[in-house]
Structures are given as structure tokens and as C-alpha cells.
Trainee: 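Can you read through this structure? Questions will come right after.
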There are 2 protein chains.
Amino acid sequence: MAPKPRRVTQREIAELAGVSQTTVSVVLNDRDGGGVRIPEATRARVKKAIEQLTYVADPAARRLAGLDNQIIGVFTYEAALSPESMDFYGPLLNGIERAAEKIGWDLLFFTSSPVENGTRSLFHRKTRLRLTDGCVLLGQQMVASELERLVAEQFPFVAIGRRDETAAAVPYVAIDYVTPTTALIDQAAAAGHQQALYVHRGRDTPAARDRRGAVEAASAEGRLAFLLVGEERIGDLPRLAQATGATVIIAEDAFLIEDVVHALTAAGVAVPDEISVAALGEVRGHRIDGKPLAGFHVPREQLAAEALDLLQLLIATEPDEWSTLELRRHLDSDVEPGATIVVRTEA
Amino acid sequence: MAPKPRRVTQREIAELAGVSQTTVSVVLNDRDGGGVRIPEATRARVKKAIEQLTYVADPAARRLAGLDNQIIGVFTYEAALSPESMDFYGPLLNGIERAAEKIGWDLLFFTSSPVENGTRSLFHRKTRLRLTDGCVLLGQQMVASELERLVAEQFPFVAIGRRDETAAAVPYVAIDYVTPTTALIDQAAAAGHQQALYVHRGRDTPAARDRRGAVEAASAEGRLAFLLVGEERIGDLPRLAQATGATVIIAEDAFLIEDVVHALTAAGVAVPDEISVAALGEVRGHRIDGKPLAGFHVPREQLAAEALDLLQLLIATEPDEWSTLELRRHLDSDVEPGATIVVRTEA
DNA sequence: CGAATCTGAAGATACGCATTATCAGAAGGA
DNA sequence: TCCTTCTGATAATGCGTATCTTCAGATTCG
């Protein structure tokens, strides 16, 4: 259906310059040697013709001829540009854009991917995936079968977020949550806290399991005793804190902490004076009672940059040799001590 | 350089099914009639082979063969995904994504476009523009020559923002600022104000000229007298208000008003009690002394949706008939009366 | 029963570009 | 002079798909 206006081709340039299409191609790509030689005089003549006709290469033809396209795909399992997603995707997309700009890549967003049982799917009859040289995958919920197919087809891609649960070797760049979670727990313990509550969303993602694992480890090792609480029981928190004697509440992310604080203050509990709080996620911009919330600073821009760097490496490397590469990269979050974990003087 | 893993082609399917590549193509596209007939039996056999080999069409080849790609380009003259641009681009991109998702289009962001004297340029030797079926242009500063070239090449595109200054007929979707500006000025006049200051950024864009024009018209017609002030003289505003007897300050956008208010309060002037303020732009989320700022609600998501709708129309129409189309669409901003234009009781 | 028509499909070609192989003519060597 | 080497370029080919044309064999018509 698309109207196809005539555009300048190499053949037209060739006619204007009185040479063959081959010669034009060679001049355009500055190719020399390898059985082909074009003297400076001819070269100049062709270049002049190119300028005159404002030639622009057809990317589809280039692609079909086996060259790279300088396009990378961005696949998100949910809408990426909606205000709600911006919290999460914003810094990532920003990092991707900056990195792509630097190395001259365009970004293809697979917004068209049809939604099947809740998430978008990458493979469909008309997927434009192969127009790209490689692909970045974002999102909480990735479909394992699609990751495996990408690996099987030896398609260069990088997932953002830990993906070590699938059988296949999925290249990814992820935040390490174990280290900072442990650090934050130790901070609370050092402040004199002994009993805590952990509020989580009950999701089963690698990142969620990491955090939970670090929490349970701390509990098991006696550094800080935890009771795990699902988000649906936030209203019940004041009572639970009372019952367990918990003096600090840690939640999976900062938004959850907002809800927690709301529930506590509604019940007449002072935060953070009576009960300390912290989040195991990005806390930039979150303040509790005017005080900066304790938690992490997640380097999301850097995460994105790292992902594109890895992707670039994959694209430049023959698939056979991928196994020799370091396909998994981990970044540490900085711990933000904040001011919402108060020192507990022994009663 | 891109590694090119082998992929399933129509030829392979053909071999498996014992038919020709032509037949496979016909079955894939459900083409029938027009000199080509495939009986149901053969059709089924081919379809089975397609399923078995998990065929996915190569978009580059499709494109080269003259079909549409279901990709539209998104070109911004500055970085689109940075936190600073999000204020402006965010709602637009969101609208574009939603509209694209609805009609099954992918989005190609031209992040690679090289920066030449301050802005990105759309046409360069390797532009991937032609991979798309059409293109949306965003940004304050567009290059007239590029717009004209797009028109000349009969490439389907739509600009967001008014672009009627160029000679060529540029299709665009824009906000009408004249009507709401006039409305806001009349609101101030009705509240008893007689003398005003207009703070602007001194930019020469169509939208800026529209606003300025409406301001000057109001002044000329005696509805409200204005003194125009460049943003560099914001520090001087308290004195200017004193000197002119102005009781209301209108600025080009809400961020400018923030600066204005800052200067005024620093000089001991109460806002809005002593001097009213309003912005000729989006005011969502902007509050002055706890009161909602008077100004506009710019329907940016809708603007984007309208742009894609127009683009779709262009793509579906033969370029020869574009001249019969309504290529320019205008949307009204809603006026937000706010609470920062106070009624002035005659002294 | 020969000619016209219909059926089902394959062959050839185009799209624009890169690349490989080829080739005519000039220059150099014996 | 004849053979080799070098120079400067061209023709041919392939990439994967869609489409236009052709065609053999079966069927129907007169």
C-alpha cells in the first residue's frame, strides 16, 4: 500500500558519471584493493555525481546484501513510554539513547508486538526483529521460551535484569541486589535493631528472589530477625510490628514504603522515630517526614550503557565465539544510608 | 560486520513442502485470484511446513520488493529520552506509542542522526529514513530545508507543531495558542487588570509568534496593555512592574513563571496577592503559593494521536492526491483558570 | 475429435546494493 | 614479436520476497 516515490539509485549516479553501478558502489564505500582499483580521477567524477543527486543509500537493500544496519531493537514487555512506566524505564531508555547516539545507532521500538496473555511477544509472523543488528530486552516479565529461541538462533541480544534461570546462556546486565541489601540490613543491625518486617510484592523475579534471599540469610544468621509480609497485609503492619516487637520495616521498593508509612501514621505510629524504614530499591526523590529514605541508588543509566556495550561486543563477535565471552555483567547499587533508620537506644 | 545467522527462507519451506517458492509466497500472503490458484490441499501442506520451520519474513526483502514495513520513524531534533526533554516529549511520545501500538506499527527513533550546528539532521548518507513508511517530526527547531526536501521527495511525514512558514506545504498537527491566549488575557482584564508584563524567551518559533501576536493584539485593541520583557530581564521585573503599574505578569511558559515568582518574592512582592501571574503553556503540576497556576492544559497525547492519524492517511493516499487532503490540523488547549489571577478591586 | 478453456503451478524478473569473477587494453619483459 | 603482468573497470551473481508471465496437462465445448 505504501506509495513508493522514485529515489536516486546507484544506477542513476552511474549513468550520470558514465561508469558502472559497481564503480559507484566501490566509491561510496571507499573500497579499494581486493581486485578493484579506481583511480583518483574517476573517483572524483563519481563523487561529484553523488553530490549532485543527493544520493542516500537504501537501508533495505544494504541489509539484504548482508551488511549491518546500525539499528538495534528495543523490546519491552510492557508499554515503555507511558507515564507509569517512566519511573522504571525512563533512566534506562535515557541511557540507551545516549549510548546509541554515541555510536551512531538508531533504535527500533517494537511497539507493534501483539499482546498475548498479558505480555507482548517478540516473535510473530511479521516481526521486524531481523531488521536490527541486535536487540535489548527490558521488562520485569520476560518469556523464557523467547529468550531461548533468541539464543538458539544466535541472534545478538542483551537482557536487562538478571536472567540466569533459563537453561540457555542468556546474555544480561543486571543489578546485584544481594550486596547492598546485606549492607543495609547490617546498617540497621548496627543501629541496634533486632527485629524487623520485610514487605514484598510476592513476585517471583530473579531480583525479588535476590533481595528475599539476602533478607532470609540475615535472619538465619541471626544478624537481624525478619518476618516476611505480603503487600496485601500492609494494613495489618501496625499490629504485626506490635506483636513481633519489630522496630524497623524494610520494603521491596520505595513506593511500597510510602504505603507502609501511610498505614503506620494512620495508626498513630511515628515514622521514623518509633519505627525505622528502608527500601531495597531506588530512593531518589523519596522523603519520609522530610528525611531522605534509606535505600539504594540504582545506576540505571549506567546499566543501559553497559548493556549496549555488551551488545556491541556480541555483534562484533562471531556467534561461535560467544561462549568465550563474559556474557553476564553485574553492577552494584550504591547504598543510600538516608535518615530513616534511627539509632535504637536499648530500652 | 554483522554476523548473519542462517534463517528460514521461503525456499526452504518450498523444498520441504515440495512446491516452488512462488507458491509459498502466495500461501503466506493469502493471495488468490489474479491468475494464481492454489487448491486447499497444497495450501495446507505448505502451511504445515511453515509452522514446522517457524518461518518469519525478512522485512528487508519485503521492503525491497516494494511492500510497506509497518514502521514509522520518529525524529527529534534533540535527545528525546533525557530527563530534561521528558517534560515536553514525554506526553507526545506516550501518545505516539499508544497510537502505534493500536495500529501495529513499530517505531524507529533516529538517535543516530549526526549533530550539525546544534541540531540533528535527518538526511545523511546512511539515514534509515527509507526503512520507514512515514515519519513524525518533533522539536522546537526544525530545519526548513529538510522539511522541503521531504515534501519534494513525496515522503509521508507529519510535523508536530505549526510549520506554515516554509514555502512548501508541510503537513502538521499543532496547538492553537491564539484562542486560549486571548481567553486568558480576557480573564485577566475581566478581573480588573489594566496593565501587564509579558515575559518571553525571545525565540522565533511559530508557537512563540502566535502567543506574542495574541498579546500584542490585546494591547493594540486596548483590552490589556502589555510591556514585553525578555527572560534575561527577569531580575528587573519588580522595578518594571512598579514603573508601569502592571498588576499581572504573563509568561510564555510555566517554568518562566517559576523564575518570575522567585524574583518577585525576593523583592518582597506577594504573589499572587499583589501581582497576578499566568503562563501561556502547560501548567499541570505547577502551583504558586499552593494555588494552581493559571494557564493551559495542552492536550499533547491527543496531539500525538492526531499526528499518527494524519500520517496514516498520508501513507494510504497516493502522493498525487495529497493536495486534496486537509494537511493541517489544529487542536485547542483548554484554559486552566487557576487561582493566580486575583480580582483587582479598583483602588 | 480437434480446438478452446481452465487448472495448478513453476519460471523469470525486479527491487538496490555489495561482491566475485572476468575482461580488454596497456605496459613490461624475453 | 609473443607472452606475461598490471591497470581500470565491467558483467554477473546473490540476498529474500512479491509479482508477472508462461506453460503443461486436464477438461470442456462445438
Side-chain angles (χ1 to χ4, degrees), chain A residues 1-15 17-46 50 53 55-70 125-131, chain B residues 1-15 17-46 50 53 55-70 125-131:
Chain A
M1 286 305 140
K4 192 149 199 231
R6 277 189 25 69
R7 310 246 174 65
V8 180
T9 69
Q10 292 188 358
R11 191 179 314 279
E12 294 174 52
I13 295 175
E15 278 166 21
V19 295
S20 72
Q21 176 259 324
T22 304
T23 306
V24 176
S25 171
V26 170
V27 171
L28 273 169
N29 298 346
D30 269 333
R31 219 156 57 81
D32 211 55
V36 181
R37 297 164 296 266
I38 312 285
E40 207 41 59
T42 311
R43 206 172 276 273
R45 193 151 39 93
V46 173
I50 293 172
L53 299 184
Y55 170 80
V56 172
D58 183 328
R62 282 178 67 83
R63 181 67 175 175
L64 201 57
L67 277 72
D68 62 341
N69 244 350
Q70 315 212 130
R125 189 56 49 75
K126 279 198 176 179
T127 183
R128 260 72 69 173
L129 182 62
R130 353 214 80 136
L131 226 41
Chain B
M1 285 309 140
K4 192 146 199 241
R6 276 187 26 67
R7 311 241 175 68
V8 180
T9 69
Q10 292 187 359
R11 192 179 311 281
E12 294 174 51
I13 296 175
E15 278 167 20
V19 296
S20 72
Q21 176 261 323
T22 304
T23 306
V24 176
S25 172
V26 170
V27 171
L28 274 169
N29 297 344
D30 269 333
R31 221 157 56 82
D32 212 53
V36 181
R37 296 162 296 269
I38 312 285
E40 206 41 59
T42 311
R43 206 173 275 273
R45 195 152 38 93
V46 172
I50 293 173
L53 299 184
Y55 171 81
V56 172
D58 183 329
R62 281 177 68 84
R63 182 66 176 177
L64 199 59
L67 277 74
D68 63 341
N69 243 351
Q70 316 214 127
R125 189 58 49 77
K126 280 197 177 180
T127 183
R128 262 71 69 171
L129 181 63
R130 289 149 78 155
L131 226 39

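Letters A, B, ... mirror the listed sequences (proteins, then strands); counts begin at 1.
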Trainee: Could you tell me whether B:A60 contacts a base, only the sugar-phosphate backbone, or nothing, with contacts defined as non-hydrogen atoms closer than 4.0 Å?
Mentor: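 If one applies the 4.0 Å heavy-atom cut-off, B:A60 turns out to touch nothing in the nucleic acid.
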Trainee: Tell me the interatomic distance from A:D68, atom CG, to C:dC17, atom P, rounded to whole angstroms.
Mentor: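 So the two atoms are 16 Å apart, to the nearest Å.
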Trainee: Choose from D:dA18, C:dA18, C:dC17 the nucleotide whose nearest atom is closest to any side-chain atom of B:Q10.
Mentor: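 Ranking D:dA18, C:dA18, C:dC17 by closest atom to the B:Q10 side chain puts D:dA18 first.
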Trainee: Grab the two heavy atoms, one from A:L131 and one from B:A60, that are nearest each other, plus how far apart they are.
Mentor: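 Heavy atoms of A:L131 and B:A60 come nearest at CD1-N, 3.6 Å.
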Trainee: Residues two or more places apart in sequence or in another chain: which of them pass side-chain contact (heavy atoms from CB on, under 4.5 Å) with B:V19?
Mentor: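 With sequence neighbours excluded, B:V19 shows a side-chain contact (heavy atoms from CB on, under 4.5 Å) to B:A14, B:A17, B:T23, B:V24, B:T42, B:R45, B:V46, given in chain and number order.
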Trainee: Polar atoms only, N or O, under 3.5 Å: list the protein pairs with nucleotides 7-13 of chain C and their distances.
Mentor:
unit_1: C:dG8; atom_1: N7; unit_2: B:R37; atom_2: NE; d: 3.4
unit_1: C:dG8; atom_1: N7; unit_2: B:R37; atom_2: NH2; d: 2.6
unit_1: C:dG8; atom_1: O6; unit_2: B:R37; atom_2: NH2; d: 3.4
unit_1: C:dA9; atom_1: OP1; unit_2: B:T42; atom_2: OG1; d: 2.7
unit_1: C:dA9; atom_1: OP2; unit_2: B:T42; atom_2: OG1; d: 3.2
unit_1: C:dA9; atom_1: N6; unit_2: B:G35; atom_2: O; d: 3.3
unit_1: C:dA10; atom_1: OP1; unit_2: B:S20; atom_2: N; d: 3.3
unit_1: C:dA10; atom_1: OP2; unit_2: B:S20; atom_2: N; d: 2.9
unit_1: C:dA10; atom_1: OP2; unit_2: B:S20; atom_2: OG; d: 2.6
unit_1: C:dA10; atom_1: OP2; unit_2: B:T23; atom_2: OG1; d: 2.5
unit_1: C:dG11; atom_1: O6; unit_2: B:T22; atom_2: OG1; d: 3.2

Trainee: Between P on C:dG16 and CD1 on A:I13, what's the gap in Å once rounded to a whole number?
Mentor: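 Value for this atom pair: 12 Å.
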Trainee: Atom CD1 in A:I50, atom CZ in B:R125: separation rounded to 0.5 Å?
Mentor: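 So the gap between those two atoms works out to 6.0 Å.
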Trainee: Round to a whole Å and report the spacing from CG of A:L67 to P of D:dG16.
Mentor: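 Answer to the nearest Å: 14 Å.
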Trainee: Just jot down the side-chain contact (heavy atoms from CB on, under 4.5 Å) partners of A:R62, sequence neighbours excluded, or say none.
Mentor: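 A:N29, A:A57, A:L67, B:K126.
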Trainee: What integer distance in Å separates B:D58:CG from D:dC15:C1'?
Mentor: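 These atoms are roughly 8 Å apart.
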Trainee: A:I50 CD1 to C:dG16 C1': how many Å, rounded?
Mentor: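 Atom-to-atom, A:I50 to C:dG16, this comes out as 15 Å.
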Trainee: Provide the closest heavy-atom pair for B:N69 versus B:R63 in the form atom of the first, atom of the second, distance.
Mentor: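 In this case the closest contact between B:N69 and B:R63 is ND2-CD, 3.5 Å.
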Trainee: What's the CG-P distance between B:N29 and D:dT19, to the nearest Å?
Mentor: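 Rounded to the whole Å, the gap is 7 Å.
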Trainee: Is any side-chain nitrogen or oxygen of B:R62 closer than 4.0 Å to OP1 or OP2 of D:dA18?
Mentor: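 Checking D:dA18 against B:R62, a side-chain N or O does come within under 4.0 Å of OP1 or OP2.
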Trainee: Is B:R7 near enough to D:dG16 that one of its side-chain N or O atoms lies under 4.0 angstrom from OP1 or OP2?
Mentor: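 No, outside the criterion.
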Trainee: Mind calculating the distance between CG (A:N69) and P (D:dG16) to the nearest angstrom?
Mentor: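 A:N69 atom CG is separated from D:dG16 atom P by 15 Å.
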Trainee: Does the side chain of B:R31 get closer than 4.0 angstrom to OP1 or OP2 of D:dT19 through an N or O atom?
Mentor: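 The answer is yes; a side-chain N or O of B:R31 sits under 4.0 Å from OP1 or OP2.
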Trainee: Figure out the CG/P separation between B:L131 and C:dG16, and round it to whole Å.
Mentor: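 Checked: the CG to P distance equals 14 Å.
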Trainee: Would you give the length of the straight line joining atom CZ of B:R11 to atom OG1 of B:T22, rounded to the nearest 0.5 angstrom?
Mentor: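 Between atom CZ of B:R11 and atom OG1 of B:T22 there are 9.5 Å.
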Trainee: Hey, are the side chains of B:R43 and B:D30 touching, using non-hydrogen atoms and a 4.5 Å cut-off?
Mentor: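 Side chain of B:R43 against side chain of B:D30, heavy atoms only: contact under 4.5 Å found.
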